[in-house]
Engineer: 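One structure is given below, represented as structure tokens, and several questions about it will come after.
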Amino acid sequence: MPTYFLPAPSQIAIATVTDAPLLMSSAWNTLSMALTALVVVSVLGTGLALGLAASPVLERAIKPLAVGLQVTPIIAIAPLAVIWAGLDHSGRAIVALASIVAFFPVFSGALTGLKSADPDLERLFDLYGANRWQRLFRLRLPAAAPFILEGHKVAAGQALIGAVVAEFVARTGSSQGLAWRILEAGNKLQTPRLFAALFTLAIMGGLLYAALQSLEQWVLQRWRGR
Amino acid sequence: MIAALENVTIAYGQGVALGPLSLTLKAGEIIALVGPSGCGKSTAMRLLAGLEMPASGLVTRSIGQGETALVFQAPTLMPWASSRSNVALPLELAGTAKLAARKRADAALSRVKLPGVADLKPAQLSGGMAMRVALARALVADPKLLLLDEPFAALDEITRRALADDVHTLWAASRPAIVFVTHNVEEAVYMAHRVLVLTPSPGRIGGEIEIAGDLPRPNGFRTSPRFRAAVESVSSLLSASMGLAA
């Protein structure tokens, strides 16, 4: 079997070790773009959901837009994002695209969570004459916490996928992420290096998920005290 | 008079779900509402609390906002908040300073015999303890009207009896008017000065029985002939009113 088709594990191991410094810096580039996107959607998604929770009219107006964005394939938006960001700033385009992909889980989780408070607790807040802000910040937001966390966990994976896909579509080396390593190795038929990049990507995704999983458990434990 | 319903009805969809229903609650009085599931007991409760408007009829309340307290079948505590913050909630929503509110919350917790759980969260409490916290939250603002909507339904018999006596003790201290909703006839007779029997949907008053005897109940009240007789007459009233609709 030729090496370009399926390299031996030993060849992949050697490629991984040789490429390690490059792979690490590329992985960091991809990860930092994905994490930037996660921070962006965390602020925008939760903030927008809070705004909509306060106004049902706004919710009816904005929600279809959010759903529309969610069902449009990111590949289709990518060329536009790259043009708008400018070819010299492909990093911005990638963060924007990853944010678009990761937005919905956070937004939708927060919106669902903000409506998840026990109806009897809502009645108690009525009975005690709570105003709109007290209701939002003392009841609905804390009740939404587990949903918001779950949304972030899903969004983190989406942001990583979004960042990689966007890198592929941008097809410029300026972002220097893992996708670029994969493209580069693929174009030169250096399959061992391609596998090395692929494994790095998979391991990074797994670690990111595990980190968010333990963060979620840690916060939830504090949230419910057990 | 604390609160009164006069010929009130509630409509859901097409039919009448409740009423016409009239009842008057005097200051310091405990009444029990007994009736089958779905007869509108909880709706009557929400009307008395001012949380719902009747389709017709008149709801009169002589008490201000913040003088009514509600306890539900489940403890209905905020799972993310400590017992102390849960109990302090009514005060804090009404604008009491945080420190003062927390102090009164601690006092309310010791009134329901739960000192030392102030920093625990609901998931760390047993069912009976959580219900006591809910009771403390209801009592913290010294309500004039206390609405208890099947508060012991999810508890075991021992806890249920202990809490029944505790409610009486707490009542004796500040004498709020209490409406106690239940579908347990013995519990209704034990708890109240007056038992009102509701008919199946649409709920109306099927009859009313005065329960003689002291409150809080003396030891052995449940075995007294007076108690047994009252339970029997409420039971037959209940089956009569259910037969009426059937």
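Letters go in sequence order (proteins before strands), and every chain restarts at 1. Heavy-atom basis, side chains included; hydrogens, waters and symmetry copies ignored.
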Engineer: A side-chain contact here means heavy atoms from C-beta on lying under 4.5 Å apart; do B:Arg46 and B:Thr43 qualify?
Structural biologist: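 Contact flag for B:Arg46/B:Thr43 side chains = yes.
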Engineer: What part of A:Ala145 lies closer than 4.5 angstrom to a heavy atom of chain B: side chain, backbone, both or neither?
Structural biologist: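 Neither; nothing under 4.5 Å.
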Engineer: Tell me, side chain or backbone of B:Leu70 under 4.5 Å from chain A's heavy atoms, or both, or neither?
Structural biologist: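 Its backbone and side chain both get close to chain A.
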Engineer: In a check of side chain to side chain contact (heavy atoms under 4.5 Å, CB included) between A:Ile182 and each of A:Thr200, A:Val164, A:Leu198, which one passes?
Structural biologist: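 Of A:Thr200, A:Val164, A:Leu198, side chain to side chain contact (heavy atoms under 4.5 Å, CB included) with A:Ile182 is met by A:Leu198 alone.
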Engineer: Which of the residues B:Pro90, B:Ala81, B:Ala49, B:Gly66 is involved in the greatest number of heavy-atom pairs with chain A at under 4.5 angstrom?
Structural biologist: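 If we count pairs closer than 4.5 Å to chain A, B:Pro90 comes out on top.
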Engineer: Between CD1 of A:Ile148 and CZ of A:Phe107, what distance do you get to the nearest 0.5 Å?
Structural biologist: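 Atom-to-atom, A:Ile148:CD1 and A:Phe107:CZ are 12.0 Å apart.
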Engineer: Counting only non-hydrogen atoms closer than 4.5 Å, does B:Leu91 touch chain A with its backbone (N, CA, C, O), its side chain (CB onward), both, or neither?
Structural biologist: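 No part of B:Leu91 comes within 4.5 Å of chain A.
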Engineer: Side chain, backbone, both or neither: which part of A:Leu220 has a non-hydrogen atom closer than 4.5 Å to chain B?
Structural biologist: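 Contact with chain B: none, neither part.
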Engineer: Under 4.5 Å heavy-atom distance to chain B, tell me which part of A:Arg138 shows up: side chain, backbone, both or neither.
Structural biologist: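 Backbone plus side chain of A:Arg138, per the 4.5 Å heavy-atom cut-off to chain B.
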Engineer: Using a 6.0 Å distance limit plus a 45 degree cone around the ring axis, check whether B:Arg175 lies over the aromatic ring of B:Trp171.
Structural biologist: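 Verdict for B:Trp171: a cation-pi partner in B:Arg175.
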Engineer: For B:Ala141, is it the side chain, the backbone, both or neither that has a heavy atom under 4.5 Å from a heavy atom of chain A?
Structural biologist: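 Looking at B:Ala141, nothing touches chain A.
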Engineer: So, are B:Glu67 and B:Arg61 salt-bridged, with charged N and O less than 4.0 Å apart?
Structural biologist: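 Between B:Arg61 and B:Glu67 there is no salt bridge, as every charged N stays at least 4.0 Å from the carboxylate O atoms.
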Engineer: My understanding is that only one of B:Ile2, B:Val59, B:Leu5 makes a side chain to side chain contact (heavy atoms under 4.5 Å, CB included) with B:Leu48; could you say which?
Structural biologist: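 The option that passes is B:Leu5.
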Engineer: With a 4.5 angstrom heavy-atom cut-off, is it the side chain or the backbone of A:Asp118 that approaches chain B, or both, or neither?
Structural biologist: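 The side chain, not the backbone.
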